Amino acid sequence: QVHMVESGGGLVQAGGSLRLSCAASGNIFSIDAMGWYRQAPGKQRELVAIINSGGSTNYADSVKGRFTISRDNAKNTVYLQMNSLKPEDTAVYYCNADLVLAGWVTSYTYWGQGTQVTVSS
């Protein structure tokens with residue numbers, strides 16, 4: 001019942017910027033935390049940033065000061081503004097959301113399909 005659609009990935013030169021979006025749709029009652037993860041070739045998936053329902057955020061040390069996570073609760077959408085991109089940011093980026101389905105009282109985690117971000121030097 002839940003569909004999370006990501007957009008905004010692509011190719012960018014080092015030092016450039018991208019803005020990722022992820023919109024959740026379906027029989028959603030509420031969304032708790034939303035986050036972004038990434039997985040580079042040959043690497044484990046890692047947390048990039050997370051934002052809870054109250055707007056509190058946490059970031060991986062590698063992206064602090066460069067990335068900003070935000071959300072639009074009315075649109076069930078989470079964003080990741082990525083500035084000063086580096087080649088090491090190259091990865092597939094996945095959004096996720098801990099959300100409560102209509103008719104349920106506990107949250108479960110749902111994932112987007114992933115969007116490729118490639119940063120060239």
Side-chain angles (χ1 to χ4, degrees):
Q1 298 288 340
V2 177
H3 195 198
M4 299 181 64
V5 179
E6 302 181 28
S7 63
L11 298 172
V12 66
Q13 292 183 333
S17 298
L18 286 172
R19 185 175 179 87
L20 306 183
S21 299
C22 177
S25 62
N27 297 327
I28 299 169
F29 175 74
S30 64
I31 301 178
D32 298 321
M34 305 186 79
W36 289 94
Y37 295 73
R38 67 187 181 187
Q39 188 166 22
K43 303 294 184 180
Q44 298 293 321
R45 185 170 62 185
E46 64 175 347
L47 174 68
V48 176
I50 190 166
I51 182 168
N52 70 15
S53 61
S56 297
T57 59
N58 286 287
Y59 297 90
D61 288 341
S62 60
V63 307
K64 285 182 178 178
R66 300 188 298 120
F67 291 9
T68 302
I69 188 170
S70 61
R71 63 191 287 171
D72 185 335
N73 291 329
K75 297 181 178 180
N76 290 338
T77 299
V78 62
Y79 305 93
L80 186 68
Q81 178 67 46
M82 304 184 293
N83 298 325
S84 301
L85 282 162
K86 304 174 181 179
E88 51 262 44
D89 295 318
T90 296
V92 177
Y93 284 70
Y94 299 90
C95 65
N96 82 342
D98 295 330
L99 58 84
V100 180
L101 296 174
W104 294 78
V105 296
T106 56
S107 65
Y108 293 88
T109 301
Y110 295 85
W111 292 88
Q113 81 281 4
T115 185
Q116 178 70 49
V117 172
T118 302
V119 183
S120 63
S121 61

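Numbers for residues simply follow the sequence, beginning at 1. This is a predicted model, so every value here is computed, not measured.
Looking only at side-chain heavy atoms (C-beta outward), Val48 and Met82 stay at 4.5 Å or farther from each other. Within the 4.5 Å cutoff, the side chain of Met34 has no heavy atoms near those of the Cys95 side chain. Two residues are said to be in side-chain contact when any heavy atoms from C-beta on lie closer than 4.5 Å; Arg45 and Val92 fail this criterion. At least one side-chain heavy atom of Ile51 sits under 4.5 Å from a side-chain heavy atom of Val78. Residues Val63 and Glu46 form no side-chain contact, since every pair of their non-hydrogen atoms from C-beta on lies 4.5 Å or further apart.
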Worksheet entry | Worked check of side chain to side chain donor-acceptor pair (under 3.5 Å) between Thr90 and Glu88 | CA-CA 5 Å; Thr90 296; Glu88 51 262 44; over 6 Å; no
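Hydrophobic clustering (ILVMFWY, side-chain heavy atoms < 4.5 Å, transitive): Val119 and Leu18 are in one cluster. Neither Val117 nor Ile50 shares a network with the other; the hydrophobic side chains, linked directly or stepwise wherever heavy atoms of I, L, V, M, F, W or Y lie under 4.5 Å apart, form separate groups for each. Cluster annotation: Tyr37 is not connected to Val2 through the hydrophobic network of ILVMFWY side chains, with a link wherever side-chain heavy atoms come within less than 4.5 Å.
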Side-chain donor/acceptor pairs under 3.5 Å, residues 98-109, sequence neighbours excluded:
residue: Asp98; atom: OD1; partner: Thr109; partner atom: OG1; Å: 2.4

Could you pull out every donor-acceptor pair under 3.5 Å between side chains of residues 19-32 and any protein atom, sequence neighbours left out?
residue: Arg19; atom: NH1; partner: Gln81; partner atom: OE1; Å: 3.2
residue: Ser25; atom: OG; partner: His3; partner atom: O; Å: 3.4
residue: Asn27; atom: ND2; partner: Gln1; partner atom: OE1; Å: 2.7

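Among pairs with a residue in residues 99-121, none fulfils salt bridge (charged side-chain N to carboxylate O under 4.0 Å, His left out), at least two apart in sequence or across chains. For residues 37-81, no pair satisfies disulfide bond (SG atoms under 2.5 Å apart), with sequence neighbours left out. Every pair tested for ring pair (Phe, Tyr, Trp, His ring centres under 6.0 Å) that includes a residue from residues 41-89 fails, sequence neighbours excluded, so the list is empty. Note on residues 24-87: no pairs pass disulfide bond (SG atoms under 2.5 Å apart), not counting sequence neighbours.
Ion pair Asp61/Lys64 flagged as a salt bridge, since at least one NZ, NE, NH1 or NH2 atom sits closer than 4.0 Å to an Asp/Glu carboxylate oxygen.
In the model, Thr77 has no side-chain atom that pairs as donor or acceptor with a side-chain atom of Asp72 under 3.5 Å. Side chains of Arg38 and Tyr93: a donor-acceptor N/O pair is present below 3.5 angstrom, by distance only.
Considering every non-hydrogen atom in both Leu80 and Ala49, the closest pair reads CD1-CB, 4.2 Å. For the residue pair Gln116 and Thr118, the shortest heavy atom distance occurs at NE2-OG1, 3.3 Å. Among all heavy-atom pairs drawn from Leu47 and Ala60, the shortest one is O-CB, 3.3 Å. Between Ser121 and Ala14, the closest heavy-atom pair is CA-CB, 4.3 Å.
Here the side chain of Asn52 pairs no donor or acceptor atom with the backbone of Ala33 at under 3.5 angstrom. Distance alone, capped at 3.5 Å, is enough to place a donor-acceptor pair between the Gln113 side chain and the Glu6 backbone.
With rounding to the nearest 0.5 angstrom, the CH2 atom of Trp111 is 9.0 Å from the OH atom of Tyr94.
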